[in-house]
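Below is one structure, written out as structure tokens; the observations come after it.
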Amino acid sequence: MSVRQISRILPGALALALTGCTGSGDSFLQPGGPIAAAQRTELFQIFGWTMIAILPVFVLVPLLLWRYRYRNAKARYTPDWDRSAILEVLMWGVPLVIVVVLSAQLYRTTHALDPVQPLASENPPLRVQVVGLDWKWLFLYPDLGIATVNELAFPVETSVALDLTTDTVMQSFLISALAGQIYAMPGMRTRLHILADAPGSFEGENTQFNGTGFPAQRFAARAMSAADFDAWVAQVRADGQPLTEASYALLAESSTGAQAQARLGAEGMAPGVLHFSTVEGDLFHSILHRYMHGNPVPPSAQPGAVGYAPETAEQTR
Amino acid sequence: MSGSNLHPGLNLGARHGSAHEGAETVVFGFWIFLMSDLVIFGLVFASYLTVANPLGMAGGPGPADAFDLRSIFVQTMILLTSSLTFGFATLALRHEKGRTVIAGWLGVTLLLGLAFLTLELRDFAHMIEVGAVPQRSGFWSAFWGLVPLHGLHVALGCLWIAVMLAQMALLGLVPVVKTRLLRLGLFWHFLDLIWVAIFSIVYLGGLMP
Amino acid sequence: MTDPIFGRLDLSSLSVWRAFQDPSLSELIGAGAAMAVILGALATLALLTWIRLWGPLWRDWLTSVDHKRIGIMYCALALIMLARGVIEGVLMRTQQAFGLHGGFLTPDHFSELFSTHGTIMIFFVAMPFIAGVINYVMPLQIGARDMAFPVMNQISLGLTATGAALVMISLVLGEFSTGGWANYPPYTGADFQPGPGPDYWIWSIVLAGIGTTLSGINFAVTIYKERAPGMHFLRMPIFCWTVICTSIIMIFALPPLTVAALMLAADRYLDFHFFTNDLGGNMMNYVNLFWLFGHPEVYLLVIPAYGVFSEVISTYSGKRIYGYMSMVYATMSIAVLSFCVWLHHFFTMGQSANINAAFGIASMAIAVPTGVKIYNWLATIFRGRVRMTVPMIYATGFFYLFVIGGLTGVMLANPVISYQVHNTLFLVAHFHNVIIPGVLFGLLAGYHYWFPKAFGFRLHEGWGRAAALLWIVGFSFTFLPLYWLGLQGMPRRSASFGDPSFQPMLWLALFGGMLILAALGSLMLQLWVSIRNRVQLAVPLGDPWNGRSLEWSIPSPPPAYNFALLPQVLDRDDFAEAKASGRAYAEPAVYEDIEMPDNTAIGMIVCVCSTLMGLALVFWIWWLAVLSLGVMVVSLIGRTFRTDLSHVIPAAQIAAEHRAWLARVRAAPAVDRLAETHDRNRGRAMPERPFAAGAAE
Amino acid sequence: MSDPDHRSEARLYLAGFGLALTLTLVPFGLVHWGLMQGKALAITIAVLAVAQIVVHLRFFLHIDLSRQKREDLQLILFTVLLLGIMAFGTLWIMGNLATRM
Ligand code: HEA
Ligand code: HEA
Ligand code: CUA
Ligand SMILES: [Cu+2]
């Protein structure tokens, strides 16, 4: 019984300790959706189980060092004692059992929380395509025909299916309060599903270092009610500019969101955010496929590269 | 074979006295080195296999456009024979047939090695002609990372044979020279092993109907 | 486009010149560092000339093939590089503490800092340190005269020094990579970083890596073939077992790094497409290959540290190591398992849940043998007689802090958690939490433990204790807060951040960094004080700690040939048994001539040529690259044409030296363990008082 | 070539050469004349290659299972194990990623 209890009480205590001193709401320790919540539970459970093997160490070290200190003539001294069958079984057995238990759990949750799986929800899923650019994220809504930079809005209680790639170096996409991260790589498509339980704004970021503007590559993931979402879409259509090949070529240039705003003449928007009312062609797939067509992508056509030239990049696509 | 082997594989034999015992350490060390080298080859092979597909070829030429099975066959025969001739050199060393016999077999092996390299270079020239260059695709990069790496080893082996011929002439068959010949033998046979993998995986695998 | 003579090296490659053109704080710090390197080098040269040390330095050290001297030179190299690594670490902590919306360093400078810091700490601090300790201790423990291949040993050192030199030169000429110590393409590809940075990384890693592979071969062959008569595998000290495991990793895990780095070089220099975005390149294979090396690498570092703790805990508890066989099996399983888990560094790359689960479980499995080792050490203390000397304080810190690091490792091994905290400061906290309390505390314990063996005098105890406590406290303040920041989602490698709530923890971490600096200062002071008091602290008789293994059975410092007569080993912990049974310090009936290899300059030739070659490759100076390679190859081959490369030490000389030492040992009073840290300790240990437990019970 | 040891050892080399030759000719023939196809051919080539490697090890490098000190044989087996893990793992991971992206 004690084992179970420990593994139940400790996580709670730890959660309290950790969340108690938290300032921002952008971590999976204050989950905004089922995945992050499950991840938090997992963390506490591992903590609980490993304590069985680890607490004895913490307790025994001072006890042993004190009891067997040199000057303690009362303690037994057995210089040649060097094995004991019972201890041997315990030393291998206890960690082994814990690892077996944790492994079973790991296998289950790794499958259950596999990011390629759609999340259960009553509402129809929303598709979003994510393109990592140097120091900003581009979000394409293929079913709505709009696009944004550094603002990912979606209705609550809806499974959002993200398809990710980049048009530059490797990046890693993380919205901690909603789900884990996944790499985005040029010429490749990775997948992630998120779902928010309640409206709110969560910070998203790139965690894979990609140069000067790396710390600025953050965005807001905004979960909103269905009505608010529709209003938001309408607003993007209203205040956005069209995303053409030419404006994409400019956008793709290495720049933070704020710099991109200036480049594309969208200074009025929220910091770092851009809205696009229409998207020319199937941008996501043309980005994805330009690396797989068997044609070289010279630096002048490679966003993020040192010799990138937006003026000519457009034609070589 | 004559009794007391100190380590796996090629041995000089007890009659070589201190050279035989001395070989224990250096030959074992050389085995370890070869095993480390084997891991390098293994990983380059694995990398090659990960791009031996249409995506890796990126619309460029494939194996069928660039490989010449006939030439590979001849190269294989040459390398195989050179293993045999090196074997005879080792036997002559073990059984103390004298410097000239050993040098003779080594010389034949050297010539075979050079012949192999010549043919291989000719193949490479042909590949460059048809555009199967490493700059063309990931697949050709991997090919050019793998096969010339083996070729480089063969070239080093040839250089080593030449150095040993010189040392035999200048120093005579002193113990260090004997143990070096032993290690050179390991190296040469090891190259042949790698080649078996190359012709099976790269060439036969690539040209499979 | 590039100059035929100078390649792409020009005035703007000089960081001092860059700072002159753009005197921002960041550039100035860079230029200052460059000046420090240049001035430091010049000052050293001048000092050496002034006190006429060139001759001795060349004769006794740089051309030496003695494993003991090579070991010490490895440690010296590690210390020099450490100075830079620590400064960079503390600079980064400072930057982040002030990094709310900015800070004083430019992001590019910051990225160069974490890249060089990681590269230096792993490849040029921890690895040389470990190579140094192994070099010094292992042959003594197995009763050998030297490494199996002494000259190759010197060449390994030369190549390691080359790698370190290239990283240092990058401060002055050009710049280092900004891609982190893992240097992932495509970010480090020619398109995105056309400058010399990633090339510095490639060549310093490749050249040093070859040296490490050769070291691994050398260590393994030495243990397999050069053990003293009677030293069966199962009589070896645990440290030697850890050396076997570490050499296995050196031999088999360095190849993937070499392959990955050379493929990256092919991409950058020859326009290959191994890892490029276009034309069928596959950057994921780089990640795969790098961690095929990278994971075993970190165990390469920690396994010998486990070995040091085994020796230290057993000695200072006055007891045999508990569970010898368990230790051996555990160490071996850690070494083998370390090759089965590399994917846990990229759980988030998009492979299937099955693969993630398989590698996650394999990673957690390492906790079992590691746990066994920890428990075995506790059982070794159990019913021992423990002296809380400096190494034992480090061991205590290790018990607490390393276990925390291991616990967070087990968390990271779970893909579900890794999805969240991968690439965050949580990960940074994890690995400093295993590397510093594990590897560095282990090395520091070993430093205090074996220093008297190497130099003939003990280190000052009081300063040592102060440093150890500062380390433990300083570490905790510096890195434990990072766990919290990581859980809050602060990414690693961020020069700045936007969330004010991170501020307090970052300040705490900076405070810890200052304590660590103080710890380092105490270490330096300790060394200084100890050297000044070396007469009082001298332990020439060789056994200051009542040691248990063969290295304590010879004088401190040991003679060039180590053992006057190769010992005949009868038992595990042979020297302890010998002391107990009275067969220690016996005079051999006959002495024999000893043949030792001659000194040689070949290691220096390799070092200089390969440094020039690396530099030439970095700056596309092709003629120099070919020339230096040519000189190196010709000298290596030329050497093989010489056969008179050893000298003989006559038996009479050995007999005289050995008898003189034995006479001093017999004349000296044996000290008991209470006087261990007093000036009375001259290195002759009184056997532990025959057990008084009867009285106690 | 008078001494009997020498002759018997030379015969062994020749036997190895003969075996290796056969194991080379067969797969080349199979591919050249298109006698087999697809998976069956791939497996045949692989099996013959492994057989040939064993032949080389046995007859040219003189590795066999008897008479040797175990510690040395372990080295080779251990290498094969580690290389197997690394190469198989690489193919598994990269193959899986390729199907998913
Ligand atoms: C051996 C490895 C090692 C060691 C010792 C350290 C030590 C330190 N590191 Fe380390 N660090 C890394 C390996 C190491 N680090 C790696 C691999 C990275 C990742 C790089 C990347 O991003 O790619 C990293 C990244 C890293 C970052 C970047 C984090 C980020 O990405 O945001 C920071 C930031 O503060 C940091 C700080 C420090 C500090 C303050 C120390 C201090 O604790 C330094 C103090 C250490 C010492 C003072 C050494 C102890 C002294 C001895 C052992 C010798 C004594 C002996 C004698 C006197 C004889 N490190
Ligand atoms: C010396 C170095 C060292 C050591 C010893 C370890 C030890 C371990 N490490 Fe660590 N690790 C690094 C250095 C090290 N690591 C570095 C440098 C990185 C980052 C590189 C980079 O990205 O730059 C890293 C990253 C890293 C990751 C990748 C995280 C990510 O990128 O998302 C993972 C994931 O599995 C991991 C796991 C582990 C595990 C399971 C152990 C285990 O070996 C720990 C075992 C120890 C214990 C568990 C404690 C003692 C045991 C007991 C008291 C018994 C019982 C316990 C149980 C039953 C649980 N490590
Ligand atoms: Cu990266 Cu597929
Ligand atoms: Cu790891």
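Reminder, nothing fancy here: chain letters follow the sequence lines and each chain counts from 1. All values below were derived from every heavy atom in this structure, side-chain atoms included, with hydrogens, water molecules and symmetry-related copies excluded. Just so it is clear, the model here is predicted, and its values are computed rather than measured.
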With rounding to the nearest 0.5 Å, note down the distance linking CG in D/Leu23 to OG in B/Ser200. 9.5 Å

Identify which part of D/Ile53 has an atom lying under 4.5 Å from any heavy atom of chain B, answering side chain, backbone, both or neither. both

Only pairs of heavy atoms separated by less than 4.5 Å count here; which of B/Ile32, B/Leu69, B/Leu207, B/Thr90 has the most with chain D? B/Leu69

Could you go step by step and tell me if B/Leu193 and D/Phe60 meet the side chain to side chain contact (heavy atoms under 4.5 Å, CB included) rule? CA-CA 10 Å; B/Leu193 271 186; D/Phe60 296 159; over 6 Å; no

Taking every non-hydrogen atom, the tightest pair across D/Ile76 and B/Met35: CA-SD, 4.3 Å

Can you tell me how far the CZ atom of B/Phe190 sits from the CG atom of D/Leu57, to the nearest 0.5 Å? 10.5 Å

Name the region of B/Ile201, side chain, backbone, both or neither, that has any atom closer than 4.5 Å to a heavy atom of chain D. neither

Here the pair of heavy atoms bringing D/Ala10 nearest to B/Phe88 is CB-CE2, 4.1 Å

Any side-chain heavy atom of B/Leu49 sitting closer than 4.5 Å to one from D/Met94? no

Side-chain heavy-atom pair B/Met208, D/Gln37 within 4.5 angstrom cut-off: no

Could you tell me which of B/Gly42, B/Ala92, B/Ala46, B/Gly185 has the largest number of non-hydrogen atom pairs under 4.5 Å with chain D? B/Ala46

If you tally heavy-atom pairs under 4.5 Å between each of B/Leu91, B/Leu34, B/Asp192 and chain D, the highest tally belongs to B/Leu91

Within this structure, what is the CH2-OG1 distance for the pair B/Trp195 and D/Thr24, rounded to the nearest 0.5 Å? 11.5 Å

Flag the pair B/Val39 / D/Leu82 as yes when at least one side-chain heavy-atom distance between them is below 4.5 Å, and no otherwise. no

Can you say whether the rings of B/Phe73 and D/Phe28 are parallel (under 30°), tilted (30 to 60°) or perpendicular (over 60°)? perpendicular

Chain B heavy atoms under 4.5 Å from D/Leu14: which part of the residue, side chain, backbone, both or neither? both

Measure distances from B/Phe86 to the heavy atoms of chain D and classify the residue's part below 4.5 Å as side chain, backbone, both or neither. neither

Heavy-atom distance under 4.5 Å between the side chains of D/His56 and B/Leu80, does that happen here? yes

Decide yes or no for D/His32 and B/Leu204: does some side-chain heavy atom of the first lie under 4.5 Å from some side-chain heavy atom of the second? no

